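Have a look at the structure below before the remarks.
This is a predicted model, so every value here is computed, not measured.
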Amino acid sequence: MAQSGAVDIAEDLLAWYDVARRDLPWRAPPGQRADPYHVWLSEMMLQQTTVKAVAPYYRAFLARWPRIEDMARAPVEDVLAAWAGLGYYARARNMHKTARIVADELGGRFPRTAGELVKLPGIGPYTAAAIAAIAFDEPATVVDGNVERVVARLFAVRERLPGAKPKLRSLAETLTPRHRPGDFAQAMMDLGATICTPRTPACSRCPLRADCQGLAEGVAATLPLRAPKAERPQRRGAAFVARRPDDHVLLRRRPEKGLLGGMMEPPTTEWRTETRSETALLGEAPVAADWRRVLAPVTHTFTHFHLMLDVYTADVPADTPAPDACRWVAAGDLPEEALPSVMRKVLAAASESLVARG
DNA sequence: AAAGCGTGGAG
DNA sequence: TCTCCAAGCTT
């Protein structure tokens, strides 16, 4: 194998990027520097989230809040509602905090270095480096899952993640060029997303195949090695969909911190590992009513547990007061609410059952 | 520093 | 159906 230096590898990758780069909504045309607001917004959304899932949200956010001052002015509830369905909702809360800091305290301008960017809410080492490199041309080393995979294969690193992170980072640093660092970062991610994929990588089409130690040793597709994951426990609970005669349903705002923080839901019981009796579940209903259980429970899988929710529905009087942290919402306004996917499943199950009952 | 934190698509 | 996992951050 002709052993190329780091500079050659970076040059080969950039040459490939110039002809193979993906056209993504947040990318500036070739040769132009991207708008920091656009880069930041896209990077916040892209944390642990696929390009395909992000694209429509990115367009919607930019159309609704064209400048960071616009987002800063919006109530956080609006941002959460627009974010609903993307997951990891702390990202949206942190993003909004950063919007206000940048708009109100920094004159609408993002810090230009990774070292300053990382101090802002929701911006960690990866996002800070990505913004600094892409928007401000700082030769920061951008290390995400793609980069870890590409580097692990390129240098045949057999140490397991997450222990191997420091080694992978330092190897990535040796590759980062002072010229076009933003394009280099995006090239690494494009390579990881389209060629050096987690399963069945297309090594025959890889611009770095001549320098890939993992390929030479026949282990590329198996890297990087990962620690086995903990199994997900099952949790159970009930959700209560109360409906008024004027077609309003009762929603509750979840606590600011923790799972689905700040998001709306039809009131639910606690979610516990053990199964509880219907009587016990109904004891946590938000209002007294003739609750009827929907036939099929809603199931949903979160990052660290499976959830099964029994769904109860009830028709309640028009003058039923909304309990603490709750409010009545017209059925027609539900699409605009900050309802996470699992809670949209609950509402769909309730509404199907109402239809089925006629 | 290990664990908590979403979702939907691919295989 | 089920597992894996995607441009990570926070505490």
Rounded distance in Å - [atom1] ([X]) to [atom2] ([N]):
X	N	atom1	atom2	value
A/Leu117	C/dC9	CG	P	12 Å
A/Leu259	B/dC5	CG	C1'	7 Å
A/Arg22	C/dA6	CZ	C1'	11 Å
A/Tyr88	B/dA3	OH	C1'	11 Å
A/Met263	B/dT7	CE	C1'	12 Å
A/Trp271	B/dG6	CH2	P	9 Å
A/Glu256	C/dT11	CD	P	13 Å
A/Leu46	B/dT7	CG	C1'	14 Å

With a 3.5 Å cut-off and sequence neighbours excluded, list the donor-acceptor pairs that the side chains of residues 249-261 of chain A form with protein atoms.
{"unit_1": "A/Arg252", "atom_1": "NE", "unit_2": "A/Glu265", "atom_2": "OE2", "d": "3.2"}
{"unit_1": "A/Arg252", "atom_1": "NH2", "unit_2": "A/Glu265", "atom_2": "OE2", "d": "3.0"}
{"unit_1": "A/Arg252", "atom_1": "NH2", "unit_2": "A/Thr268", "atom_2": "O", "d": "2.9"}
{"unit_1": "A/Arg253", "atom_1": "NE", "unit_2": "A/Gly262", "atom_2": "O", "d": "3.0"}
{"unit_1": "A/Arg253", "atom_1": "NH1", "unit_2": "A/Glu77", "atom_2": "OE2", "d": "2.9"}
{"unit_1": "A/Arg254", "atom_1": "NE", "unit_2": "A/Leu259", "atom_2": "O", "d": "3.2"}
{"unit_1": "A/Arg254", "atom_1": "NH1", "unit_2": "A/Glu265", "atom_2": "OE1", "d": "2.8"}
{"unit_1": "A/Arg254", "atom_1": "NH2", "unit_2": "A/Leu259", "atom_2": "O", "d": "3.1"}

Worksheet item: In terms of hydrophobic clusters joined by side-chain contacts under 4.5 Å, are A/Val294 and A/Trp271 together?
Response: yes
Which residues share a ring-ring contact (aromatic ring centres under 6.0 Å, His included) with [X], sequence neighbours left out:
X	answer
A/His38	none
A/Trp291	A/Phe240
A/Phe184	none
A/Tyr126	none

Practice prompt. Would you please name every residue forming a side chain to side chain donor-acceptor pair (under 3.5 Å) with A/His248, sequence neighbours left out?
Written response: A/Asp246
With a non-hydrogen cut-off below 4.0 angstrom, is [X] in contact with a base, only sugar-phosphate, or nothing?
X	value
A/Arg149	sugar-phosphate
A/Val142	nothing
A/Leu24	base

Could you list the donor-acceptor pairs under 3.5 angstrom formed between side-chain atoms of residues 50-67 of chain A and any protein atom two or more places apart in sequence or on another chain?
{"unit_1": "A/Thr50", "atom_1": "OG1", "unit_2": "A/Ala53", "atom_2": "N", "d": "3.3"}
{"unit_1": "A/Tyr57", "atom_1": "OH", "unit_2": "A/Ala84", "atom_2": "O", "d": "2.8"}
{"unit_1": "A/Arg67", "atom_1": "NH2", "unit_2": "A/Asp70", "atom_2": "OD1", "d": "3.1"}

Worksheet, complete the sentence: Whichever of A/Met189 and A/Lys257 has the more 5' nearest nucleotide on DNA chain C, that residue is A/Met189
Worksheet item: Closer to the 5' end of DNA chain C via nearest nucleotide, is it A/Thr50 or A/Asn94?
Response: A/Thr50
Worksheet item: Mapping A/Lys52 and A/Thr49 onto DNA chain B by nearest heavy atom, which one lands closer to the 5' end?
Response: A/Thr49
Under 4.0 Å from OP1 or OP2 of [N]: is there any side-chain N or O of [X] that close?
X	N	result
A/His304	B/dC5	yes
A/His300	B/dT7	yes
A/Tyr89	B/dT7	yes
A/Gln48	C/dA6	no

Look at [X] together with [Y] and state whether they make a salt bridge at an N to O cut-off of under 4.0 Å.
X	Y	value
A/Arg112	A/Glu138	no
A/Arg243	A/Asp247	yes
A/Arg158	A/Glu217	yes

Discussion item. Given B/dG9, B/dC5, C/dT10, identify the nucleotide with an atom nearest to the side chain of A/Thr303.
Written reply: B/dC5
Fill in: Among B/dG9, B/dT7, C/dA6, the nucleotide that comes nearest once only the side chain of A/Ser341 is considered
B/dT7
Discussion item. Measuring only the P atom in each nucleotide, how far is B/dG8 from C/dC9? A whole number of Å is fine.
Written reply: 22 Å
Practice prompt. Not counting sequence neighbours, list each pair that qualifies as a salt bridge (Lys or Arg N to Asp or Glu O under 4.0 Å) and has a residue in residues 316-333 of chain A.
Written response: A/Arg327-A/Glu337
Item to complete: Residues of residues 121-132 of chain A with any non-hydrogen atom less than 4.0 angstrom from an atom of DNA chain B: list those, numerically ordered, please.
Response: none
Discussion item. Which residues in residues 78-86 of chain A have a heavy atom closer than 4.0 Å to any atom of DNA chain B?
Written reply: A/Gly85, A/Leu86
Considering only nitrogen or oxygen atoms on both sides, find all protein atoms under 3.5 Å from nucleotides 2-5 of chain C and state each distance.
{"unit_1": "C/dC5", "atom_1": "OP2", "unit_2": "A/Lys229", "atom_2": "NZ", "d": "2.9"}

Response to the item:
Students should find that the hydrophobic cluster of A/Val219, defined by side-chain heavy atoms under 4.5 Å apart, otherwise consists of A/Leu223, A/Leu225
